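The structure appears right after this line, and notes come after that.
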Amino acid sequence: MMEILSNLGTGFAAVLHLVDVAIPGIGVVPLPVNIFLCFTGCLVGTLIGVLPGVGPIATITMLLPITFGLEPTGALIMLAGIYYGAQYGGSTTAILVNIPGEATSVVTAIDGHEMAKQGRAGSALGIAALGSFFAGCVATLVIAALALPLTRMALMFGPAEYFSLMVMGLVFAVVLAHGALSKAMAMIFLGLLLSTVGTDLETGEERLTFGFPPLADGIDFAVLAMGIFGFAEVLRNLGIDEKRDLVSKPIGRLLPSPAELRQSAMPVVRGTFIGALLGILPGNGAVLGPFASYSMEKKLARQPGRFGRGAIEGVAGPESANNAGAQTSFIPLLTLGVPPNAVMALMVGAMTIQGIIPGPQVMTRNPDLFWGMITSMWVGNLMLLVINLPLIGLWVRLLRVPYRLLFPTILVFSCIGIYSINNSPLDVVMTAGFALVGYSLIKLGFEPAPLLLGFVLGKLIEDNLRRALLMTRGSLIGVLERPISAALLLIALAVLVAAILPALRKSRDRVFAE
């Protein structure tokens, strides 16, 4: 316990660290830059959560070029704030407009919007913010408690174990992805294939470059992510007719009544536990948290018929699970270096850009960054509570702005960001090409998120498999003879086989059906 407190103290020192900033006309002033970046991330995250159709993946890819000029700790604190801030903002749109700002807010819209139509929007928004704040604080404690033991375990892993762990992560990504399993697997394999483009460091031979010199160094992570998610999302949303069921009734008081607080207390606790547990799963298990919480609350309710008609428990539980899962999904990334979802894959890209290799060595080599990120979540959750409730009026006004007026600005700033990475016009052209690919995939019913996971993990899988084969003199049997490696591969195989079974496949499709 004392060790955890000491590490959290290191984190708070990193978050509150003062940096000398030169201000014209004033001089050099020491400022808490990381606190400012945390606030910026939370505010931007809330904004893009409120505006459906943008999302944290697209936003983080757009902001990746900005992080080049920032210190690693501050850059990652800001990007993390965008991610869990979007979970807060998504509930506002779900409740007021019946359009989930995030996929994880789908369940919130069921009862939250009904409450808004009854003139109880304030209570729904208030309990969503309070539940998310509680869940975020508990999830931060869970991360702090599990970080040390998981990191120590990961330090015992060799190349074979890391190879098997990443294969298991890809299998979970296939099982938990939306849509058909075959399409999810196709996206994983396409991502793995794209990760091999470039010059082989072992042999010096070019792979899949087709004689095109700019591809000799491989596909730039930011170019791929921006095209597949950022630009493609803009194209997708321009083709959607905007129909917003914005409630006309007053929002009402933002603090729930004592009776509503009593009704929501246990759903918040249960939702926090469910979300924190599922968030750790690789393959975007955090998405399941709100669905599982809603199902549990409906089964435990004395009057299940209230659900779907404005039951506050249907908002409290899923919103708590939503935020807890978003934050515990950082555990595999910070301790094992394995991204459990597409947003965490972007975080891997941001860390790599900053010259930091994700994995258990981060805690020992960059303790300020590691614990600074964890403690910034506490600060960020407090900021989100302050940001969300007083600014409800502003978010309502923003919901009235047509998206066709927002997207040109998004595209211009995205192009500037991509160009600034290498000062290369070709990067902008390649991003546009990937945008067309991403848009086509979405139209054909393919989910692009597994592609990004496959791309990020592909290089790591290849490197670890090569090192494992070198240690076993080229024998795959040697990889299977290591107990932990074999166990992880068996789990991956069992999960994949179970997912293919008709009964489980139907239940999986029901969970993700909107």
Side-chain angles (χ1 to χ4, degrees), residues 42-43 45-52 84-102 104-137 244-272 290 293-294 297-298 301 303 306-324 380-401:
C42 291
L43 184 62
T46 303
L47 175 62
I48 60 104
V50 167
L51 297 174
Y84 57 78
Q87 315 306 315
Y88 272 77
S91 63
T92 302
T93 311
I95 292 168
L96 295 179
V97 194
N98 201 26
I99 300 176
E102 282 301 303
T104 47
S105 300
V106 169
V107 184
T108 304
I110 298 173
D111 283 279
H113 191 62
E114 286 299 317
M115 290 180 67
K117 289 195 289 187
Q118 296 165 14
R120 299 162 58 206
S123 294
L125 292 166
I127 202 63
L130 292 172
S132 296
F133 175 71
F134 174 82
C137 292
R244 305 187 193 181
D245 184 18
L246 187 61
V247 291
S248 56
K249 291 192 176 183
I251 291 175
R253 53 180 289 176
L254 290 174
L255 286 178
S257 66
E260 289 173 325
L261 287 173
R262 284 194 298 272
Q263 285 179 300
S264 304
M266 288 312 297
V268 166
V269 173
R270 286 190 290 263
T272 299
S293 174
Y294 190 85
E297 295 308 321
K298 193 171 182 180
Q303 297 176 313
R306 292 173 53 247
F307 283 77
R309 300 178 181 177
I312 197 167
E313 303 97 308
V315 175
E319 275 303 303
S320 302
N322 175 8
N323 205 271
N381 276 285
L382 183 59
M383 287 179 174
L384 285 166
L385 191 62
V386 175
I387 290 171
N388 273 264
L389 297 182
L391 296 181
I392 289 297
L394 175 61
W395 305 139
V396 171
R397 292 187 184 93
L398 281 174
L399 287 170
R400 301 181 187 276
V401 178

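In this text the structure is predicted, and so the values were computed from the model without any measurement.
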Mind listing the closest non-hydrogen atom pair of [X] and [Y] along with its distance?
| X | Y | result |
| --- | --- | --- |
| I95 | A128 | CD1-CB, 4.4 Å |
| A316 | V268 | CB-CG2, 3.8 Å |
| P318 | T108 | CB-OG1, 4.4 Å |
| A135 | S320 | CB-O, 3.2 Å |
| Y84 | G380 | OH-CA, 3.6 Å |
| S264 | P267 | O-CD, 3.3 Å |

**Prompt:** side chain to side chain contact (heavy atoms under 4.5 Å, CB included) between I312 and M115: does it pass, once the steps are laid out?
**Reply:** CA-CA 8 Å; I312 197 167; M115 290 180 67; 3.9 Å; yes

[X] side chain vs [Y] backbone, donor-acceptor pair below 3.5 Å:
| X | Y | value |
| --- | --- | --- |
| E297 | V315 | no |
| S293 | G317 | yes |
| R120 | G310 | yes |

What distance do [X] atom [atom1] and [Y] atom [atom2] have between them, rounded to the nearest 0.5 Å?
| X | Y | atom1 | atom2 | result |
| --- | --- | --- | --- | --- |
| M383 | C42 | CE | SG | 6.5 Å |
| H113 | K117 | NE2 | NZ | 5.0 Å |
| N381 | S132 | CG | OG | 8.0 Å |

**Message:** Quiz question: by atom type and distance under 3.5 Å, do the side chains of D111 and Y294 form a donor-acceptor pair?
**Reply:**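 Indeed, the side chains of D111 and Y294 share at least one donor-acceptor pair under 3.5 Å.
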
**Message:** Please evaluate residues E313 and Q263 with respect to the criterion side chain to side chain contact (heavy atoms under 4.5 Å, CB included), reporting the C-alpha separation (whole Å), side-chain torsions for both, the decisive distance (0.1 Å), and the verdict.
**Reply:** CA-CA 7 Å; E313 303 97 308; Q263 285 179 300; 4.2 Å; yes

**Asked** So T272 and F134, side chain to side chain contact (heavy atoms under 4.5 Å, CB included) or not? Walk me through it.
**Response** CA-CA 8 Å; T272 299; F134 174 82; 3.6 Å; yes

